[in-house]
Amino acid sequence: MFRLIVDAEINLVFPEDALAPILFDLIDSNREYLGEWFPWIPDTRSVADMSRFIKSSISGFADGKQFVCGIEYQGNIVGVVSYYKIDRELKKANMGYWLAESAQGKGVMTRCCKYLLRYAFDRLDMEKVEIIAASVNQRSRKLCERLGMTLEGVITNAEKLPQGIVDHAVYGLHKPVPEDSG
């Protein structure tokens, strides 16, 4: 399995079909928690659904349009972090993520996102990274702020979630300008 080392506790693992049952079990055991924020949770009903997601992620990677990774924390898969949309023409990538409830509050997602921000700017040659979060999702919004992202605006009536129609807060971070060495 291909891994990117984030730090001593965290690896990002490239999706492969062997991850399908692990990710499905993780989603299934966190269904209520994740379902609050992700409209695709009710449609994820089987390992086959995860296998299709993994195949789509691999295809998206091959096309240069996505970069999806499982999050391995202390040897266990605990979530997913990705660039679910990479626009090479605009030099912009959209980041998304989810994490099991038991892995919350340990800095896991902050460390993963910081790693992927560097990856986007240094390896993918992106100029901007965006994160779009439900405006009422305070955990996700605080993560964006910890990452140094700027709130660029709010899109009203953007998505239907179990709690109703929510707005989206759009955060962005531009590639740092190199300091003048002269």
Side-chain angles (χ1 to χ4, degrees), residues 6 10 12 15 23 26-27 30-44 49-50 53 56-57 60-61 63-71 73 78-178:
V6 174
I10 301 170
L12 299 181
L23 287 173
L26 192 60
I27 289 169
N30 285 269
R31 192 167 291 282
E32 185 176 333
Y33 175 73
L34 294 172
E36 183 177 358
W37 304 115
F38 300 104
W40 49 265
I41 294 294
D43 297 327
T44 306
D49 292 332
M50 285 312 303
F53 168 76
S56 172
S57 298
F61 178 77
D63 293 341
K65 296 179 180 178
Q66 291 183 330
F67 185 62
V68 177
C69 295
I71 300 169
Y73 173 67
V78 295
V80 169
V81 64
S82 70
Y83 285 122
Y84 62 88
K85 181 180 177 188
I86 297 171
D87 187 324
R88 299 219 182 256
E89 185 177 345
L90 294 178
K91 293 184 160 272
K92 179 174 82 168
N94 291 77
M95 187 185 296
Y97 42 78
W98 61 266
L99 192 63
E101 189 171 16
S102 63
Q104 297 283 331
K106 299 172 171 62
V108 173
M109 196 56 73
T110 300
R111 290 182 274 169
C112 289
C113 289
K114 282 182 177 179
Y115 182 92
L116 277 188
L117 285 170
R118 287 189 306 273
Y119 192 92
F121 296 140
D122 298 343
R123 307 265 308 273
L124 299 178
D125 196 32
M126 294 291 111
E127 295 292 330
K128 180 183 181 188
V129 173
E130 271 183 2
I131 294 177
I132 299 171
S135 61
V136 292
N137 186 340
Q138 291 304 310
R139 278 184 180 256
S140 197
R141 293 187 70 173
K142 287 183 189 299
L143 170 62
C144 293
E145 292 165 8
R146 278 193 304 277
L147 296 171
M149 300 183 96
T150 302
L151 176 64
E152 295 184 339
V154 175
I155 300 168
T156 60
N157 291 58
E159 183 175 40
K160 182 156 180 18
L161 294 175
Q163 67 264 40
I165 296 171
V166 297
D167 300 341
H168 278 173
V170 180
Y171 286 86
L173 182 68
H174 288 268
K175 183 176 187 172
V177 177

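Computed over heavy atoms, backbone and side chain alike; hydrogens, waters and symmetry mates excluded. In this text the structure is predicted, and so the values were computed from the model without any measurement.
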Problem set entry | Verdict with reasoning, Val129 to Tyr83, per side chain to side chain contact (heavy atoms under 4.5 Å, CB included) | CA-CA 9 Å; Val129 173; Tyr83 285 122; 3.8 Å; yes

Exercise. Between Asp125 and Arg88, is there a side-chain N and carboxylate O pair less than 4.0 Å apart?
Worked result: no

Exercise. Is a side-chain donor-acceptor pair under 3.5 Å present for Tyr84 with Ser57?
Worked result: no

Problem set entry | Any side-chain heavy-atom pair of Lys128 and Lys91 under 4.5 Å | no

For this session: Please round to the nearest 0.5 Å and tell me the distance separating atom CG of Leu161 and atom CD1 of Ile41.
Result: 11.0 Å

Exercise. Nearest heavy-atom pair of Gln66 and Ser56: which atoms, and what distance?
Worked result: OE1-O, 3.5 Å

For this session: Determine whether more than 12 heavy atoms belonging to other residues, nucleotides or ligands lie under 6.0 Å from atom CD of Glu32.
Result: no

Exercise. After noting the C-alpha distance and the side-chain angles of Ser135 and His168, does the key distance pass the side chain to side chain contact (heavy atoms under 4.5 Å, CB included) rule?
Worked result: CA-CA 5 Å; Ser135 61; His168 278 173; over 6 Å; no

For this session: State the CE-CD1 distance between Met149 and Ile131, to the nearest 0.5 angstrom.
Result: 4.0 Å

Problem set entry | pair Ile27-Phe53: side-chain heavy atoms closer than 4.5 Å | no

Exercise. Would you find more than 12 non-hydrogen atoms of other residues, nucleotides or ligands less than 6.0 Å from Lys85 atom NZ?
Worked result: no

Exercise. Would one find more than 12 heavy atoms of other residues, nucleotides or ligands at under 6.0 Å from atom NZ of Lys114?
Worked result: no

Exercise. Any side-chain heavy atom of Pro39 within less than 4.5 Å of one from Glu159?
Worked result: yes

For this session: Give, for atom CG of Leu117 and atom SG of Cys112, the distance between the pair rounded to the nearest 0.5 Å.
Result: 11.0 Å

Exercise. What are the two closest heavy atoms between Leu26 and Asn30, and how far apart are they?
Worked result: O-ND2, 2.9 Å

Exercise. Could you walk me through whether Leu99 and Val78 pass the side chain to side chain contact (heavy atoms under 4.5 Å, CB included) check?
Worked result: CA-CA 6 Å; Leu99 192 63; Val78 295; 3.6 Å; yes

Problem set entry | side chain to side chain contact (heavy atoms under 4.5 Å, CB included) between Lys160 and Val166, worked out | CA-CA 6 Å; Lys160 182 156 180 18; Val166 297; over 6 Å; no

Exercise. Val6 and side-chain contact (heavy atoms from CB on, under 4.5 Å): which partner among Leu116, Leu12, Ile71?
Worked result: Leu12

Exercise. So Phe67 and Tyr119, would you call those rings parallel, tilted or perpendicular, with 30° and 60° as cut-offs?
Worked result: parallel

Problem set entry | Donor-acceptor pair, side chain of Arg118 and main chain of Cys113, under 3.5 angstrom | no

Exercise. Which atoms form the tightest heavy-atom contact between His174 and Phe121, and what is the distance?
Worked result: C-CZ, 3.7 Å

Exercise. Which atoms form the tightest heavy-atom contact between Ala169 and Tyr171, and what is the distance?
Worked result: CB-CE1, 3.7 Å

Exercise. For the side chain of Arg146 and the backbone of Thr110, is there at least one donor-acceptor N/O pair under 3.5 Å apart?
Worked result: no

For this session: Using a strict 4.0 Å threshold on nitrogen-to-oxygen distance, state whether Glu127 and Lys92 make a salt bridge.
Result: no

Problem set entry | Note, Leu34 side chain near Arg31 side chain (heavy atom, < 4.5 Å) | no

Exercise. So, Asp87 side chain and Leu90 main chain: donor-acceptor pair closer than 3.5 Å or not?
Worked result: yes

Problem set entry | Rounded distance [0.5 Å steps], NZ in Lys142 versus CG in Asn137 | 11.0 Å

Problem set entry | Modelled atom types, side-chain donor and acceptor of Glu130 and Asn94, under 3.5 Å | yes

Problem set entry | Nearest-0.5 Å distance, OH of residue Tyr73 to OG of residue Ser102 | 10.0 Å

Problem set entry | Any donor-acceptor N/O pair, Asp167 side chain to Val154 backbone, under 3.5 Å | no

For this session: For Lys65, look at atom NZ and say whether over 12 heavy atoms of other residues, nucleotides or ligands are found less than 6.0 Å away.
Result: no

For this session: Can you see which heavy atom on Pro162 is nearest to which on Glu36, and at what distance?
Result: CD-O, 4.0 Å

For this session: Working to the nearest 0.5 Å, report the span between CZ of Arg111 and NZ of Lys106.
Result: 10.5 Å

Exercise. Does any non-hydrogen side-chain atom of Trp98 lie less than 4.5 Å from one of Tyr33?
Worked result: no

Exercise. So, for Met109 and Val80, which heavy atoms are closest and what is the spacing to 0.1 Å?
Worked result: CE-O, 4.1 Å

Exercise. Among Val170, Ile132, Leu173, whose side-chain contact (heavy atoms from CB on, under 4.5 Å) with Glu152 holds?
Worked result: Val170

